[in-house]
Amino acid sequence: MSTTAIATARERHVDVETRETYLNHDYSWKSWLLTVDHKRIAILYLITIVFFLSIGGLFAGLIRLELLTPKGDLLDAETYNKVFTMHGAVMIFFFVIPGVPAILGNFVLPLMLGARDVAFPKLNLASWYIFVVGGLLTLIVAATGGVDTGWTFYTPYSSTYSNTRVAETAIMVFITGFSSILTGLNFMITIHKMRAPGLTWFRLPLFVWASYATSLINVLATPVLAITVMLLALERIFGIGIFDPKAGGDPVLFQHMFWFYSHPAVYIMILPAMGVISELIAAFSRKRIFGYSFVAFSSLAIAVLGFLVWGHHMFVSGQSAYAGLVFSFLTVLIAVPTAVKIFNWTATLYQGSVEFATPFLYAMAFMGLFLIGGVTGLFLAAMGLDIHMHDNYFVVAHFHYVMVGGMVTAFLGGLHYWWPKMWGRMYSETAGKFGAVVVFVGFNLTFFPQFIVGYMGMPRRYHAYADEFQVLNVLSTAGAGILGFGYFIAGMNLLLSIKFGKVVTDPNPWGATGLEWQTQTPPIPHNFDVTPRVTEEAYAYHGKETTVVH
Amino acid sequence: MFKDRLPWYLPSASTFAPQVDALHWFLVILSAVITVGIFVAMVFLAIRYRRRPGVAPGGIEGSLRLELLWSFIPLVLALGIFAWGAKVYFYAMKPPKDVMDFYVSGKQWMWKIQHPTGQREINTMHVPLGRAVRCTMTSEDVLHSFWIPAFRMKKDVVPGRYTELWFQPTQTGKFHLFCAEYCGTLHSGMVGYVYVMEPEEYQRWLSGNVGDPPEVAGAKLFENMRCVTCHAAGAGQRGPVLDGIFGTTVALKGGGEVLVNEEYVRESILHPLAKVVNGFEPVMPTYEGQLGEEEIMQLVAFIKSLKPPAGATK
């Protein structure tokens, strides 16, 4: 295969229109908007999620521009507060949480299982509609008044004092949560009931294990968010007095309820990403993931432990010190299954046959960035240090390293990996590599200075800040520009390849294992002509060479 | 030109700060070693085992010994970090016996601070070098958080209850005070300074800024609000005599008991029927709406200062 950016005219048109694929068998609006094909639903999610990602990114740009100078001179205080609130809410609820499961999970999971579709295809479409309705209404609320409570909605500011559209936003979040719950349910049942003959649990690709653990959290934790925001909306509208101390309520109760969901939520964000990394490392080193069962069980361990640590967001909230001890102890334990994954991924490379294709570059970037995000979590888990670090920019840097450096990097890697399967087109490898490198450099320049400026005393959610923090903020904003440019290159490369990329008809362009690579590229609407039978373990490379080189 | 735009260093200006910093720098070094170590190992392995024609990948798929090793070592490190962090936290939870009692009230968007000797400040706090300062704090509206980075000390202030922090400054100087819990429009304007002064200078500052000490102001309130009507021994007594009651444990009507601390005194003033002392009727009226948080703090200071009556046994 060649690596020129734009394919020749002949390469573009070869045999594309003669085979039936899930893309070409019906071009009507109705066939897309009323589809029950998991692959089309994945594409619908891709379009809408990238849209919300861009909006969230725009807000991020405004924040970084404002923070170039110590004074609040670009935006007034109330607008800035709305901008950082919307940046958080849009990114978290409409990009990071749904991102990998809704796009990559939806497309790839049934294929990996050798199934025709998910267990409940119509429910799958309903999930998308709920997501879109929730998201669009949230943007309408943002445009007609907005909300300025921070995405964390702490009471009593949000329940009593804020003059913005808190109740409406809370209701939007309530609605959108059902998208996650239904998708989680759908995936769990699909994995239990629709595996191809011979595909036992321990023959499953690790992306499936990760998706299963994620779905568990989705189904168990999201209802708590629903209840929490519902109570917030009721207090806001009717003043029932659950959180307002003047009415006998307890503002800290909100924090317990909110974080009971929102901490497991971060594992919803990262576990699917880790599943993607397992796939990428196996495929691009042509080796079974080292310690397969340990990696599989570590996903479940992280999911379970993740429910027990929410109080580590509350060490200085007035929470009992003894409760804090329990939360800190359980939090540091999560380092163990996480470390197991990192070590196993690294060990997989030993005696591998490594190809430095774009998806693998993203996998390596993930390893470095997620590692930094993870170890800085230990700083915050240590109670005595958290007294100083809580609510300063160190925390902001930590969670961006894991969410953006972790999830977004893995998401991009997975997108590049399964892209030829999704579209029957290949992107430019040169642009792909370039984008990955620019993203890695830009990301570190944006967020590493924030660790330093946070420790030095800069609080988060500050519109104006003390003069001595300026230089590090300028570096961070410069990095944000580079990062944005990197994402633009990566996104454009993928987008343009749909029309101009080299046509791919090989079912297995990467020479990887996995049932998704045993079927047509792009797949036929019902995935497999004949239900496959599985007789081998996952990643059965068996020390075989490949002639595939990119 | 750049000097005041650079965070050169953060002063370590309290007895707590070096303990926090020791843990911090240990974690920085540990993290650097782990991150660089693994990243370099990964890059090295990826390059060393890059795809080459004629070279097949190996078949090694796992090693129980390695799995146990790299589970056990992170576990030990994690538990060590937990234990060290807990130790540092508990130092901050236990103020020494000899403290200066300050009262802090946060409200959108200012910090109101009251000295034990009565001086009041807004957004500034003058303290003497070398004495432990304990701040009993609350909020008059939403959540705020009282943070002095140079002391590494922070605690949220919560409406409806008291929270507490303490510090002992070890350097004179002027140190940032920031609100660290988002509280609305002017959250980033809810800032000020802590001034640590040599003891003689602090005394001079005090005498230049007079005011009633909180317990004296509280005594006046106790009189003006007619608390003495019910809380004095004699024919009209309807509530417990308060002399020496602070710090003791009292039995409650209906069973149970409660420690008479700042929180209970505040609750008794605002929600008097919540925990009635055994032997008395639930007849105390509430003072909610009549007394603000600062006045309640003055009453707390007054009740704290009351000694047990002469010859009384308890």
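Per chain, numbering begins at 1; letters A, B, ... match sequence-line order.
- Scanning residues 327-334 of chain A against chain B with a 4.5 Å heavy-atom cutoff picks out A:Ser328, A:Phe329, A:Val332, A:Leu333, ordered by number.
- Contacts between B:Met153 and chain A at a heavy-atom distance below 4.5 Å involve backbone atoms as well as side-chain atoms.
- Here CG of B:Asp156 is found 6.5 Å from CD of A:Gln255. Values are rounded to the nearest 0.5 Å.
- Outside the 6.0 Å centre-distance limit, the rings of A:Tyr455 and B:Tyr9 are not counted as a close aromatic pair.
- Checked against the 6.0 Å centroid criterion, the rings of A:Tyr157 and B:Tyr182 qualify as a close aromatic pair.
- With a threshold of 4.5 angstrom between heavy atoms, B:Leu165 does not approach chain A through any atom at all.
- The side-chain heavy atoms of B:Val88 and A:Met383, taken from C-beta on, include no pair separated by under 4.5 Å.
- Here B:Asp141 contributes atom CG and A:Tyr161 contributes atom OH; the two are 5.0 Å apart, rounded to the nearest 0.5 Å.
- From B:Leu27, atom CG reaches atom OG1 of A:Thr376 across 10.5 Å, with rounding to the nearest 0.5 Å.
- Proximity to chain A is limited to the side chain of B:Arg161, based on heavy atoms less than 4.5 angstrom apart.
- Here CD of A:Glu537 is found 5.0 Å from CD of B:Glu61. Values are rounded to the nearest 0.5 Å.
- Looking at B:Gln108, only its side chain comes within 4.5 Å of chain A, counting heavy atoms on both sides.
- At a 4.5 Å heavy-atom cutoff, the contact between B:Val20 and chain A is made by backbone and side-chain atoms alike.
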All N/O donor-acceptor pairs, side-chain side in residues 35-46 of chain B, below 3.5 Å, sequence neighbours left out:
| from | atom 1 | to | atom 2 | distance (Å) |
| --- | --- | --- | --- | --- |
| B:Thr35 | OG1 | B:Ser31 | O | 2.7 |

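- In this structure, no portion of B:Ser139 lies under 4.5 Å from any heavy atom of chain A.
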Taking distance alone, no hydrogens or angles, what donor-acceptor pairs closer than 3.5 Å link side-chain atoms of residues 183-193 of chain B to residues at least two apart or in another chain?
| from | atom 1 | to | atom 2 | distance (Å) |
| --- | --- | --- | --- | --- |
| B:His187 | ND1 | B:Glu181 | O | 3.3 |
| B:Ser188 | OG | A:His463 | N | 3.3 |

Donor-acceptor contacts under 3.5 Å from residues 68-87 of chain B side chains, at least two apart:
| from | atom 1 | to | atom 2 | distance (Å) |
| --- | --- | --- | --- | --- |
| B:Trp70 | NE1 | B:Glu67 | OE1 | 3.0 |
| B:Ser71 | OG | B:Glu67 | O | 2.7 |

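- Interface remark: B:Leu66 contributes side-chain atoms only to the contact with chain A (heavy atom separation under 4.5 Å).
- For B:His176, the part lying under 4.5 angstrom from a heavy atom of chain A is the side chain only.
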